[in-house]
Amino acid sequence: MKRYLAALAGGALALGLAQGATSGPALADELVIGVSSEPSAIDPHYHNLGPNNALKEHIFDALIKQDAKQRLQPGLAESWEALDDSTWQFNLRQGVKFHDGTDFDAEDVIYTIERVPNVPNSPSSFSIYTNSIESMEAKDPHTLIVKTPGPRPLLPTELSNIAIISKETVADSNGGDWPKTEGFNDGSLAVGTGPYKYEEFVKGDRLVLSKNADYWGGEPTWDRVTFKPIASDGPRVAALLSGDVDVIDNPPTQDLPRLEADPEVSVYSGLSNRVIYLHMDQHADDTPGVEGTDGKNPFKDVRVREAVSKAIDRAAIVEKIMGGVAVAAEQLLPQGMYGASNELAVEAYDPEAAKALLAEAGYPDGFKLVIGTPNDRYINDEKVAQAAAQFLSRIGIETSVDASTKSVFFKRRNDYEFTVYLAGWGSGTGEMSSPLRALVATPDKDKGYGGTNRGRYSNPALDALIEQALATLDEAEREKLLQQASEMVIQDYGILPLHYEVTSWATREGLAYEPRTDQYTMAMSVTKAE
Amino acid sequence: MLVYFIRRLGQAALVLVVMALLVFVGIYAIGNPVDVLISPEADLAEQQATIERLGLDKPLWEQLWLFLVNALGGDLGRSFVHGEPALQLILERLPATLELALVALVIAVTAGVFLGLWAGLKPDSLTGRSIMTGSILGFSLPNFWLGLMLILVFAVSLQWLPAGGRGDTVSLLGIRTSLFTLDGLSHLILPAVTLALYKTSLVIRLARAGTREVALQDYVKFARAKGLSSSRVIYVHVLKNIMIPVVTVIGLELGSMIAFAVVTETVFAWPGIGKLLIDSIVNLDRPVVVAYLMMTVFIFILINFAVDLLYSLLDPRVRLSEAKA
């Protein structure tokens with residue numbers, strides 16, 4: 001039905017019915033953004049989720065900010081350095097005030113970090129970013145010393161996810177206990193230092209922010225920003241065309257050519273940090289989704305994994321399924337981002353070589369395989385899985401697709417019900433250790449490795465490299481180690497990257513959007529085009 | 001009447017409990033909400049900690065028991081997604097849905113009864129036939145298609161009305177409503193018309209059939225013979241008698257309009273409970289889904305009860321038989 005809606009919305013354009021967004025609602029400096037999903041709370045420490053994280057950038061600041069390419073930039077900390085292997089010093093910005101006039105200092109930071117693990121009912125806690133902190137100390141009101149148990153090069157990146165709240169404002173809100181999420185949602189505690197102030201939040205309806213004219217980073221562009229959640233693709237596009245909203249995120253791929261052709265609309269696209277990959281069960285001989293191999297698990301054989309990789313025409317998937325709005329992937333993070341190897345190239349499509357490898361591995365007639373995939377989580381996820389299945393069938397692996405809605409898919413995947421599955425990974429840290437640690441490191445609860453390695457790929461040499469990288473403070477050296485690790489897992493075909501998602505935004509004419517690799521939709525990224 | 005009332009109440013309570021149990025167990029069987037909610041960056045220890053924080057590590061019978069005990073105290077649990085009481089989330093959204101359903105109901109009844117009466121009184125005229133043909137269209141057009149077409153014509157092309165969302169609201173007795181602002185009404189028109197169309201057709205057909213039957217009854221003939229003006233005959237004697245089936249059906253349909261306006265709410269990004277339900281199902285937000293369905297059952301029970309009362313107002317015979325029973 002989704003496609004039908006979108007086609008209809010697009011059809012109007014083709015018919016020339018659309019007059020476009022000439023009479024937008026935005027007076028001088030008002031901005032209305034139609035978003036596909038809304039935050040589940042205003043509390044910046046409640047739910048580690050894309051829309052929530054995008055919102056917190058408006059109202060709050062972190063010590064360190066991530067720019068559109070997820071490089072670290074000074075935020076509430078003007079500078080930071082590692083004093084020794086386990087000690088960091090953050091020099092805080094002076095003269096910054098919260099929206100209610102209270103002063104920002106190191107006590108606010110310490111209070112914030114202590115609160116993070118103490119948010120009741122949090123469905124996805126930010127404590128994963130603060131676990132590594134052993135102790136904190138305010139040397140003076142604007143100098144913060146942080147101790148970690150050992151070298152922790154990712155600490156600045158991790159802290160870039162933690163929004164600083166005002167201790168004076170929130171500390172007494174809940175009778176001495178940690179402040180409640182509800183207090184943030186109704187606005188009374190939603191007091192930050194960020195470029196926009198909380199105005200109104202009606203769940204499912206609107207979220208209104210107003211300008212913080214005293215923002216330390218310069219006066220924000222918009223006087224008033226309204227976010228409207230419009231989950232369905234067709235109506236979201238229609239809202240842009242009718243002038244109800246000025247900007248929308250995630251316009252459906254099939255409508256992009258029509259939107260681009262419309263003189264009243266501009267489309268902005270950029271590479272994201274999200275890779276779509278196939279993971280393969282490499283754990284034991286007993287695997288659920290394979291038939292015709294005499295009880296063996298073919299994916300324990302690297303030749304079979306290589307054959308599968310060579311059998312898939314990534315360029316064709318990008319071109320035909322993704323409408324060109326994706327980039328074929330050679331590793332788990334696009335080149336140019338921290339830790340991505342420049343030595344790797346996209347696997348060439350070579351079905352003949354794939355067949356030969358299969359025969360060599362002892363499967364000249366192939367086998368039967370089921371690929372698991374979600375059908376509502378990633379852009380065109382099920383269609384991509386179908387295409388991959390077709391390619392595999394061509395080299396003799398008779399493949400079918402088992403698609404389900406995300407809630408069902410993730411449960412089944414986590415119960416190891418798939419031999420091969422399609423999923424995606426966005427690097428929250430914007431660097432290579434994130435996908436390596438989560439997707440291909442040997443699962444280890446104590447170290448926090450392999451949380452999403454449901455293919456149970458295990459390579460001790462790779463684990464050692466990752467561990468070494470995560471203990472190396474020197475930036476250049478760490479990057480080299482991560483690049484090596486990336487090459488190692490790709491050359492071992494431990495996981496098969498397919499493509500990187502490209503994220504799009506559509507605006508009415510006269511506005512520009514700076515695409516972000518983290519896929520966040522933010523008012524700060526919208527500028528008036530000259 | 002009192003016995004009848006108590007019996008109804010008992011049945012209703014039973015339905016509520018059985019339904020809650022079915023939904024609770026059903027959603028438990030689908031999957032674990034933590035798999036959907038948690039950041040993929042979270043490691044295994046954090047995943048486990050979250051499962052415990054939300055109380056999902058307990059065995060099913062224990063979760064069920066806790067739920068039932070709390071439900072007796074009026075606490076239907078906290079949303080896994082929003083961390084707020086499920087009932088509060090629903091009640092926050094309910095006014096939006098109620099006003100949408102109400103406006104749609106008013107449109108359906110006024111337009112439906114008027115057109116149905118007309119078609120019933122002049123069944124062979126061109127207008128009468130056109131009305132009946134139109135009602136077939138109203139039955140067969142899918143809701144989401146009609147909604148999109150209305151958006152395309154009135155919002156995208158003509159730009160007379162907004163494409164979606166709820167307009168400005170004012171607080172009336174603590175309830176936020178958009179019925180009393182111009183902006184609010186302009187946002188309400190398209191979704192209300194979309195939601196009303198099917199019901200309008202239904203009412204047209206009922207009213208027409210009723211009119212044709214009633215118009216031939218002896219008491220109508222007698223009224224005419226007595227020399228009453230034709231408008232008094234139609235608007236008092238005929239209208240009152242055709243309203244009984246209309247009230248029954250509309251009563252039932254009002255429940256479904258409130259509970260299942262999902263498609264319309266989705267197309268128009270209307271912040272009502274239908275959208276909340278869909279989001280909650282996708283995220284396996286069990287407390288909200290269970291609370292929502294319990295409230296739906298409750299609304300149906302209320303409406304049915306109101307319909308019974310209305311009968312007795314419209315039809316004195318019902319009053320008499322109830323009194324005897």
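A note on names: the letters A, B, ... follow the listed sequences, proteins ahead of strands, and every chain is numbered from 1. Since we're looking at a predicted model, the values are computed, not measured.
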Counting only heavy atoms closer than 4.5 Å, note whether [X] contacts chain B via side chain, backbone, both or neither.
{"X": "A:Tyr46", "value": "side chain"}
{"X": "A:Arg206", "value": "side chain"}
{"X": "A:Asn48", "value": "both"}
{"X": "A:Ser125", "value": "both"}
{"X": "A:Ser434", "value": "side chain"}
{"X": "A:Tyr449", "value": "backbone"}
{"X": "A:Asn185", "value": "side chain"}
{"X": "A:Val202", "value": "side chain"}

Indicate whether the side chain of [X] and that of [Y] have a donor and an acceptor atom separated by less than 3.5 Å.
{"X": "A:Asn375", "Y": "A:Ser404", "answer": "no"}
{"X": "A:Gln66", "Y": "A:Ser160", "answer": "yes"}
{"X": "A:Glu158", "Y": "A:Ser132", "answer": "yes"}
{"X": "A:Asn121", "Y": "B:His82", "answer": "no"}
{"X": "B:Ser178", "Y": "B:Glu99", "answer": "yes"}
{"X": "A:Lys56", "Y": "A:Asn53", "answer": "yes"}

Item to check | Salt-bridge criterion met for A:Arg412 and A:Asp415 (N-O under 4.0 Å) | outcome: no
Residue, of [options], that accumulates the most heavy atom pairs under 4.5 Å with chain B:
{"options": "A:Lys228, A:Lys180, A:His47", "value": "A:His47"}
{"options": "A:Thr181, A:Thr452, A:Asp205, A:Asp446", "value": "A:Asp205"}
{"options": "A:Ala239, A:Ala438, A:Gly428", "value": "A:Gly428"}
{"options": "A:Lys406, A:Arg377, A:Lys447, A:Lys445", "value": "A:Lys445"}
{"options": "A:Ser122, A:Pro443, A:Ala41, A:Pro39", "value": "A:Ser122"}
{"options": "A:Pro120, A:Gly451, A:Gly204, A:Gly448", "value": "A:Gly204"}

Checklist entry - Which of parallel (below 30°), tilted (30 to 60°) and perpendicular (above 60°) describes A:Phe409 and A:Phe418? => result parallel
Checklist entry - Should A:Ser127 and B:Glu46 be marked as a side chain to side chain donor-acceptor pair (under 3.5 Å) after you check the CA-CA gap, both sets of side-chain angles, and the distance that decides it? => result CA-CA 8 Å; A:Ser127 58; B:Glu46 179 56 36; 3.1 Å; yes
